[in-house]
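Read through the structure below, which is laid out as structure tokens, and then see the notes.
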Amino acid sequence: MAYERGTATMIDFIRYKVWPVLAVVICLLAIWYTAAVVLNTPFQQDKYARANLENVAFTQLVSDTLSQERPVLPAPHQVVEEIYKTTVLKKVTSKRSLVYHAGITLSSTMLGFIIGAVLGIVIAVLVVHSRVLDKSLMPWVISSQTIPILAIAPMIIVVLNAVGISGLLPKAFISTYLSFFPVTVGMVKGLRSPDTINMDLMKTYSANGNQVFWKLRLPSSVPYLFTSLKIAVAASLVGAIVGELPTGAVAGLGARLLAGSYYGQTIQIWSALVVAAVLAACLVAAIGSLDRMVLRRMGVAR
Amino acid sequence: MRKSFPLLTPLIHGTLVLTLVLAFIGNGSNGSNLFLIPVVVLAASLASSSYGSTALARSFLLGVGLVFATVTLTMSLAAFRGSEAPNAYWVFVVALWLASWKLNETIIRIGDERPALAKASNLMVPVIFGITLLFLWEFIVVGANVPKVLLPAPSDIGVRLANSLPTLWADFQQTFLKAVLVGYVLGCGAGFALALLVDRVPFLRQGLLPIGNLVSALPIIGVAPIMVMWFGFDWPSKAAVVIIMTFFPMLVNTVSGLAASDAMHRDLMRTYAAGPVATLVKLRLPTAMPFIFNALKINSTLALIGAIVAEFFGTPIVGMGFRISTEVGRMNLDMVWAEIAMAALAGSLFYASIGMLERMVTFWHPSMRAER
């Protein structure tokens, strides 16, 4: 759009959209560096004292605090360097490659997300069509989310393992539990979103329940569906990561977090966190672009 | 589309007859004759309830029969402990489930016939649904003889819950009263305060909002190991995780809430010569309240999850997360479920109390009025 309306919009876009975000990001990075120096100084002072170094120059102190091996708070460039080392420089199949771990987390995220989305849609369709289910199930769907499922993730995984279900499915189950809820709530809202006037029109056409569903309810629920899918995919990733924590997780971003916390490898923790954040942003963005594509095909481009 | 499932009543009768047939075929095997009385009572209450003139009478008759049948079956459960239940048992459990479905359908009708009772019937339906699920769980676990290390029956969990109240209370204190509440108040407070500041500076709003939205979608719970490293094993580190988790939803929601007031209303405040503070307190904060309460509700569940998960990374030997992870390791699943029940109860009460507060504060909002 910006190109059509000339460069003025482009400049506005940069001035009002990009620049403020960039400024805040720069501020946050500055705060991060300062915090890294402040938090890492005590350990560095200890080190100097043990080496009998006195009157160390301030610049020396700063550069030392930003290049510790196991800092309290690693500096951003250390995290970036670690990510570069463990993604680009390592083979993808290597157990030290973050791409490998991210791939494992991604696969259980996607499996859980797909099951959760389908389950959510099915429940929503049932709830919209059955009054008993609406009244009896919906309150429980909502209160199901006050149960801290992440807290019982370890038990679910141990129990499912004992039954003989292992591998992706137990982790995916937790993702499913977290992701079905937003989809159900959003879809119920969406399937009920058609205006009375449209429903009446369908009635004058003497459309049956099936036709109303496929031709009116379902199309008008699509925007709601995608909004909730974005929330669901983010929740699904959280579920997959936490699902990897228990049972001495072997692989995945959650396992990297846990291993990092056992061995005090702060840089490893932070790099796993950053990769998880990037993954979440990518997943949400992917759903967002799918959303725009589908809506454009349906003729409701925003 | 609002019609009830027409085959329901014949289906219940069919399963009841099948129960009796199976019970007579399997006579001699353990406990087959136990089904005679509950089946007859349930069938009688079903038949008599179809003659009830009002939905209230029909639900009452069906409800009494259902309660009686369920109680009889529960008392006869001891006969099946330690062995597989006969086929008649399973068919009867299905019949009970269908009958409870039927009961719910009838109870919904009460609300249609007598609007004064609509609220009570709307409350009863989910309660009956929940109780049905609990009994089904019990019947299936006991009937199929599922080992306790896989899935304990609700009755076992209840016994365990009652027997270990002191432990549960200590865990509750450690996790909920210390970590969750402190973190929740500080996190929401900080988010709210920063939102007020951001609101005064448009530049900050444009810069922070996209970032806040992004962060809300991130797996923030991953900072838990870092916080445990920084603040030690005790509850302050868990509170720190809760602060970070609750901060961003509060920030984003409050900022968009403060922007939600009508231009017309703001103009009105200007004509009154109201300063920024007066506008904030009298107009913009009240308009932002639905958004703020939305964040408070989201945060109430996030806070509990954050505190419990943070305990997986290191904790003193008390706390809900600690108890869950250690009892799973010792295969004491009834204790784990007792802990979950307490967490769910605490979470629901927390959520409900915020919901009540919301009703009191935002009584003027259309969504509140519509419910009355």
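By convention in this document, chain letters (A, B, ...) are assigned in the order of the sequence lines, proteins followed by strands, and residues within each chain are numbered from 1. Small disclaimer: the values here were computed from a predicted structure and weren't measured.
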If you round to the nearest 0.5 Å, how far is [atom2] of [Y] from [atom1] of [X]?
X	Y	atom1	atom2	value
A:C27	B:I211	SG	CD1	9.5 Å
A:L28	B:L208	CG	CG	7.0 Å
A:L137	B:N104	CG	CG	11.0 Å

Please give me the minimum heavy-atom distance between A:W140 and B:G130, naming the atom from each residue. CZ2-CA, 3.4 Å
Taking all non-hydrogen atoms of both residues, which atom of B:Q206 and which atom of A:V21 are closest, and how far apart?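 That would be O-CG2, 3.7 Å.
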Would you say CE of B:M124 has more than 12 non-hydrogen atoms from neighbouring residues, nucleotides or ligands within 6.0 angstrom?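 Count not over threshold, so no.
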Around A:W32, counting heavy atoms of other residues, nucleotides and ligands shown, do more than 12 lie under 6.0 Å from its CH2? yes
Side chain, backbone, both or neither: which part of A:L39 has a non-hydrogen atom closer than 4.5 Å to chain B?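 Just its side chain gets close to chain B.
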Side chain, backbone, both or neither: which part of A:V18 has an atom under 4.5 Å from a heavy atom of chain B?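 The answer is neither part of A:V18.
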Under the criterion side-chain contact (heavy atoms from CB on, under 4.5 Å), I'd like the reasoning laid out for B:I226 against A:T266: C-alpha separation, chi angles, the key distance, then a yes or no. CA-CA 7 Å; B:I226 297 163; A:T266 35; 5.7 Å; no
With side-chain contact (heavy atoms from CB on, under 4.5 Å) as the test, would you mind laying out the steps for A:K135 and B:I107 before giving the verdict? CA-CA 11 Å; A:K135 295 250 160 122; B:I107 287 182; over 6 Å; no
Find the one option among A:L73, A:V25, A:L253, A:L22 whose heavy-atom pairs under 4.5 Å with chain B are most numerous. A:L73
Between A:A23, A:A277, A:A234, A:S136, which residue shows the highest count of heavy-atom pairs closer than 4.5 Å to chain B?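 Maximum pair count with chain B is reached by A:S136.
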B:V228 versus chain A, heavy atoms under 4.5 Å apart: side chain, backbone, both or neither?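 No part of it gets close to chain A.
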Option that, when pairs with chain A are counted at under 4.5 Å, heavy atom only, ranks first among B:S121, B:S300, B:A224, B:P126: B:P126
